[in-house]
Chemist: 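Before I ask anything, let me first share the structure, which is written out below as structure tokens.
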Amino acid sequence: MSADVEQQRYDLVVVGGGINGTGIANDAAGRGLSVLLCEQADLASATSSSSSKLIHGGLRYLEHREFRLVREALREREVMLRKAPHIVWPLRFILPHQPHLRPGWMIRTGLFIYDHLSRRDSLPNAKRLKFDGNGPLVPEIQRGYEYSDCWVDDARLVVLNALQAQEKGADVRVRTRCIDAREIDGEWEVTLENRLTGGRDTVRAKALVNASGPWVESFVKGNAQRESRYGIRMIQGSHLIVSRLNDDERAYILQNRDGRIVFVLPYQQHYSLIGTTDRRYEGDPSQVGISEEETDYLLDVLNSHFVKKLGRDDVIATYSGVRPLCDDESESPSAMTRDYTLDLDRHGAPMLSIFGGKITTYRKLAEAAMQKLEPLFETLGAPWTADAILPGGDIDSRAAFAERLAREYPFLTTDQRERFASSYGTLCLRFLEGRESQAALGYPFGAGLTQVEVDYLIKREWARTSDDILLRRTKLGLLFDAPQRQALDSYLEGHPHLAGHALNSAAV
Ligand SMILES: Cc1cc2nc3c(=O)[nH]c(=O)nc-3n(C[C@H](O)[C@H](O)[C@H](O)COP(=O)(O)OP(=O)(O)OC[C@H]3O[C@@H](n4cnc5c(N)ncnc54)[C@H](O)[C@@H]3O)c2cc1C
């Protein structure tokens, strides 16, 4: 960069477009900072779309005495239900009880603490259950408990935070990798590479936030060339998707003999999500994939609880992610802390690195990040995110909004109405307004996805590839066959807004 070209200046450059990076960028922009967020691939393309999709206190973490984390997480359930009623909703969990596992008194105590550790406005209490042998569980399981947590569409939560950050003035750049960060005159000079064009840009920032998830430690040591005070341990977790195992909307939390727990979650209309595993991972985080051993482990836990027995052939799809946990030197992956650690390095230009965290507590993590950065920015605004609705969340409930769609757009199918209500909320009006028929929605790609929605996702939600659209923005991927995907790829390739930069999903 020649000295006579004026570089763009920001208060904050945030590296990483997962939940923590977008949450921090959003909070910071709303407090008046000028922010640039860069994400090397798609928003939520790494850990933040591979989670179990729960906003939960984590009943299991009580065993590890993580009371601070559990209390904060339990409180966030109510906050998130208010902030994002379109993509977050209550979920009842069934916990089958077998006396040879955790004793009944321990479970009852745990559930009592879970119910009372923080204030609940809407979620119902835990209760005991008796099974009559006619349900989906094996007849040996006769008793259990039921308690509350919440579901979230993880990838959409990330996009909504990016959208809100942009509304507040942040510069959001996807497919943009931070390849170098060096200190000049007490500030950061950050080099960004556009992965579609190969073009490079350097910008200046007063502070750098390293929210690169599984890459956090390598970013400190490699890109920023500093010492890292904390280490990261990558813990792989995988999920199976199978045909729906139970005919209601309740989830199951299964206790395995090894002390681990496995969730069976209602997923979309027709599927169940089974996960997760917990095992150390050493490879490239972007290449993580399920092993046969993990598949068999999950199927074994499932088969020892459910009447219906499943084999590998019943698995429709899988996904894996890497938890970027702060290395606390625990022996077992499941005992490692799920709490977050924020490391502000002020030796020279300030860099805040984020270690660990959960989707559930991203908003509190962002507030804690702002508290760390406060001494650097005299005019920093007050906390604001607890009461701010995320884009599209200005609805009474998903059901009420789906009914409004039925009245105003009677040509929509039931599946479209329900999906729009629980993915977009009022954001869908941006592509529906003025349309009076299915034909007016343009080319039907399949499973209710039409041209106007795809155009909206490209223009307003940073979608570039069919994976962005099918796996993260809409989660319609399971319903698409190869020719339908091909048609979507062809459309993206010719899309004027993408100007030839709709590369295939694997490339970016
Ligand atoms: C299997 C599994 C299940 C989970 N279940 C839950 C759950 O149910 N509930 C819950 O609350 N939490 C859950 N979690 C935890 C939660 O998913 C993670 O804590 C969270 O997603 C981490 O977000 P992040 O933003 O730190 O990281 P990421 O989502 O990985 O984001 C980091 C981003 O940084 C980008 N990046 C890296 N380097 C660069 C660079 N040089 N330039 C630009 N961009 C860069 C990456 O591409 C990536 O998108 C689960 C995690 C796993 C793995």
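When a ligand or atom number is given, it counts from 1 through the structure's own listing order. The structure displayed is predicted, hence computed values, not measured ones.
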Chemist: For ligand 1, is there an N or O atom under 3.5 Å from any N or O atom of I235?
Modeler: no
Chemist: How far is atom 25 (O) of ligand 1 from its nearest protein heavy atom, and which residue and atom name does that atom have?
Modeler: N20 N, 3.0 Å
Chemist: If you measure every N or O of D42 against every N or O of ligand 1, does any of those distances drop under 3.5 Å?
Modeler: no
Chemist: Is D314 salt-bridged to R312, cutoff N-O under 4.0 Å?
Modeler: no
Chemist: If the cut-off is 4.0 Å to any non-hydrogen atom of G237, which atoms of ligand 1 fall inside it?
Modeler: 1 (C)
Chemist: Does ligand 1 have an atom that lies less than 4.0 angstrom from a heavy atom of Q236?
Modeler: no
Chemist: Run down the list G18, S212, S238 and name the one with the heavy atom closest to atom 31 (O) of ligand 1.
Modeler: G18
Chemist: So which heavy atom in the protein is nearest atom 6 (C) of ligand 1, and how far is it from that ligand atom?
Modeler: S51 CB, 3.5 Å
Chemist: Which residue owns the protein heavy atom closest to atom 33 (C) of ligand 1, what's the atom, and how far is it?
Modeler: E39 OE1, 3.5 Å
Chemist: Taking R226 first and then D345, would you say they form a salt bridge - that is, a charged N and a carboxylate O separated by under 4.0 Å?
Modeler: yes
Chemist: For the pair Y362 and N26, evaluate side chain to side chain donor-acceptor pair (under 3.5 Å) and give the outcome as yes or no after the intermediate values.
Modeler: CA-CA 11 Å; Y362 86 94; N26 188 19; 5.9 Å; no
Chemist: Counting heavy atoms only, which part of V15 comes closer than 4.0 Å to ligand 1: side chain, backbone, both or neither?
Modeler: side chain
Chemist: Would E146 and R92 pass as an ion pair if we require N to O under 4.0 Å?
Modeler: yes
Chemist: Should you measure from each heavy atom of T360, which atoms of ligand 1 turn up under 4.0 Å away?
Modeler: 9 (N), 10 (C), 11 (O)
Chemist: So does P350 get a backbone contact from the side chain of W188, meaning a donor-acceptor N/O pair under 3.5 Å?
Modeler: yes
Chemist: Against heavy atoms of T276, which atoms of ligand 1 measure under 4.0 Å?
Modeler: 1 (C)
Chemist: Tell me, with the steps shown, if R323 and D278 meet side-chain contact (heavy atoms from CB on, under 4.5 Å).
Modeler: CA-CA 9 Å; R323 298 178 186 84; D278 250 330; 3.1 Å; yes
Chemist: May I ask you to check if ligand 1 and G357 share an N or O to N or O distance below 3.5 Å?
Modeler: yes
Chemist: When the aromatic ring centroids of Y61 and F67 are compared, is their separation below 6.0 Å?
Modeler: no
Chemist: For atom 1 (C) of ligand 1, state which one of G321, A181, S52, S50 supplies the nearest heavy atom.
Modeler: S50
Chemist: Which of these, V13, T47, L54, I359, has its nearest heavy atom closest to atom 9 (N) of ligand 1?
Modeler: L54
Chemist: Are side-chain N/O atoms of T176 and E39 paired as donor and acceptor at under 3.5 Å?
Modeler: no
Chemist: Using a 4.0 Å heavy-atom cut-off, say whether A211 meets ligand 1 through its side chain, its backbone, both or neither.
Modeler: backbone
Chemist: Any side-chain donor paired with an acceptor under 3.5 Å for N20 and Y340?
Modeler: no
Chemist: Counting distance only, does the side-chain N/O of K83 pair as donor-acceptor with the main-chain N or O of T385 below 3.5 Å?
Modeler: yes
Chemist: Under 4.0 Å from any heavy atom of H239, which atoms of ligand 1 are there?
Modeler: 1 (C)
Chemist: What do you reckon, does I179 put a non-hydrogen atom under 4.0 Å from ligand 1?
Modeler: no
Chemist: If you measure from atom 22 (C) of ligand 1 to every heavy atom of G17, G213, S48, which option wins on shortest distance?
Modeler: S48
Chemist: Which option, K53, R323, Q40, owns the non-hydrogen atom nearest atom 52 (C) of ligand 1?
Modeler: R323
Chemist: Compute the minimum heavy-atom distance from I354 to ligand 1 and say whether it is under 4.0 Å.
Modeler: no
Chemist: Is a salt bridge present between R173 and D201, judged by a nitrogen-to-oxygen distance below 4.0 Å?
Modeler: yes
Chemist: Checking a contact table here: which protein heavy atom is nearest atom 34 (O) of ligand 1, and how many Å away?
Modeler: G16 CA, 3.2 Å
Chemist: Can you find an N or O of C178 that's nearer than 3.5 Å to an N or O of ligand 1?
Modeler: yes
Chemist: Quick test of your reading of the model: are R156 and D154 salt-bridged, counting only N-O distances below 4.0 Å?
Modeler: no
Chemist: Between D248 and R250, does any NZ, NE, NH1 or NH2 come within less than 4.0 Å of an OD or OE carboxylate oxygen?
Modeler: yes
Chemist: Run the numbers for me: atoms of ligand 1, each under 4.0 Å from some heavy atom of T176, listed by number.
Modeler: 43 (C)
Chemist: Less than 4.0 angstrom from a charged side-chain N to a carboxylate O is my criterion; do R68 and E66 meet it?
Modeler: no
